[in-house]
Protein chains: 2
Amino acid sequence: MTPPPVPPLLPTGEEAARKRVGDLDVDLPSMAAVSNLFRVVNAVRNYLERNVLRDYNLTFSGFTTLWVLWVMGSMETRHLAAEAAVTKGTLTGILKTLEDRDLVERVTPETDRRLTLVHLTRKGERRMRQIYPRFNAAEREMTAALDQQERDEFVATLRHLLSAIEGLEQGQAVNYG
Amino acid sequence: MTPPPVPPLLPTGEEAARKRVGDLDVDLPSMAAVSNLFRVVNAVRNYLERNVLRDYNLTFSGFTTLWVLWVMGSMETRHLAAEAAVTKGTLTGILKTLEDRDLVERVTPETDRRLTLVHLTRKGERRMRQIYPRFNAAEREMTAALDQQERDEFVATLRHLLSAIEGLEQGQAVNYG
DNA sequence: TTGCGTTCGTTGGGTCCCAAACGATAGTAT
DNA sequence: ATACTATCGTTTGGGACCCAACGAACGCAA
């Protein structure tokens, strides 16, 4: 375990980026916002997967899907996909995995045989009651560095961004359908 | 194209979540921070992929990889993986795709045949000069809703979160290696 | 009732993603 | 020289992800 011969590369590469694109007409603040956003999300997802979800053999997407069902109740596939922010095709695979583990069930209603109603099994609900407290505790650990005001402003900005981007997508909407 | 018979579900499900977990001892603000963070990133990634990257047949990961090479110059696989925030194994696949498209090259240096040095081809560099202005323009569109102060505070909070999470991971570090 | 367009969830193909195991290479201590 | 050990990038296996194409089921009009 010898120390590396050279100092580690800049973690974010931001300084290098500023120099490289300096001659182009680049908006650096928006670059910083987007690239740091992705860094944070990677860190958050990895932290949750490695410290919580791993113990229950669940992926982040699997957890999200179970969470939506737990919070909002049984729902049809396309709505579930929209809530979990994945396409219907992706959700098919996720549900297959969860169904193999007996955490969810798929039912075709007789009133319209095109549909599929998804709901949590008993086991799925029990599992969520175990996991969620730990998941939320990890969320709290990660955001503990922010005081109340900074955290509230952060959430407000996230909502602000979300509605702005949805506005940009008008007419060519992301449909997850 | 008939309108849906019922109003769309709450996009974030936050209200429903508050009711569902109300009896548990849950930290709602951190839940809001994390879940909105993921929503925003999904929206940002989708917007960039559909409006910019798609025209060049590039995935988000492929673009990120090219961007790091473009900005920071040729580098060895493990460093590139760390910069792009993926594991070495993942990067192997990404590089295979990019190499098939003649955008990057892999070279084994004679001084140490365990290593692989990755660099952009001429075509790869030309491609980046085409794409990046459009990519950055899209970044600017998405963050245009934020005034300068809000944007700066947002970036500061992102950095704050990043270092906090890295602190939590001490000793069981994520090392993309 | 027989078409015909629409709306479902699923499938297939290509890519990405991680963790773990692996083979090749290099360094080091006998 | 010869093991031992550490360090590379790659491979493997399970899963997630999108898009586009699809078949089954539905609804409505001719």
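Quick note on labels: first sequence line is chain A, next is B, and so on, each numbered from 1.
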Counting primed atoms plus P, OP1 and OP2 as sugar-phosphate and everything else as base, spell out the protein contacts along nucleotides 12-17 of chain C at 4.0 Å heavy-atom distance: B, S or - for each nucleotide, 5' to 3'.
---SSB
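- A donor-acceptor contact shorter than 3.5 Å is absent between the side chain of R101(B) and the backbone of G124(B).
- Contacts of R45(A) with the nucleic acid, taken as non-hydrogen atoms under 4.0 Å apart, are absent.
- Atom CD of E76(B) is separated from atom P of dT10(D) by 12 Å (rounded to the nearest Å).
- Taking R140(B) as the reference, nothing meets the salt bridge (charged side-chain N to carboxylate O under 4.0 Å, His left out) condition, with sequence neighbours excluded.
- Distances shown here put a side-chain N or O of R50(B) below 4.0 Å from the OP1 or OP2 atom of dC19(D).
- Distance, N42(A) CG to dC18(C) C1': 12 Å, rounded to whole Å.
- Comparing L91(B) and T92(A), the nucleotide of DNA chain C nearest to each residue sits closer to the 5' end for T92(A).
- With hydrogens and angles left out, the side-chain atoms of N136(B) and E139(B) include a donor and acceptor closer than 3.5 Å.
- Formation of a donor-acceptor pair under 3.5 Å by the T121(B) side chain with backbone atoms of D102(B) is found in this model.
- L120(A) CG to E125(A) CD: the interatomic distance, rounded to the nearest 0.5 Å, is 6.0 Å.
- Counting only distance, with no hydrogens or angles, the side chain of R134(B) and the backbone of N51(B) share a donor-acceptor pair below 3.5 Å.
- Between M75(A) atom CE and dG9(C) atom P the separation is 11 Å, expressed in whole Å.
- Considering every non-hydrogen atom in both I94(A) and G62(A), the closest pair reads CG2-CA, 4.1 Å.
- The nearest whole Å value for the distance from the CD atom in E49(A) to the C1' atom in dG14(D) is 13 Å.
- Checked against a 6.0 Å centroid threshold, the rings of Y132(B) and W70(B) count as neighbours.
- F154(B) and F154(A) have parallel rings, their planes meeting at less than 30° on a 0 to 90° scale where 60° marks the start of perpendicular.
- The phosphate of dT7(C) has neither OP1 nor OP2 within less than 4.0 Å of any side-chain N or O from R78(A).
- Rounded to whole angstrom, the span from the NZ atom of K88(B) across to the C1' atom of dA6(D) amounts to 12 Å.
- DNA chain D lies under 4.0 Å from at least one heavy atom of each of the following residues of residues 111-119 of chain A: D112(A), R113(A), R114(A).
- One atom, CZ of R54(A), and another, P of dG15(D), lie 14 Å apart when rounded to the nearest Å.
- The distance between atom CG of L80(B) and atom P of dC8(D), rounded to the nearest whole Å, is 15 Å.
- The distance from atom NE2 of H79(A) to atom C1' of dT7(C) is 12 Å, rounded to the nearest whole Å.
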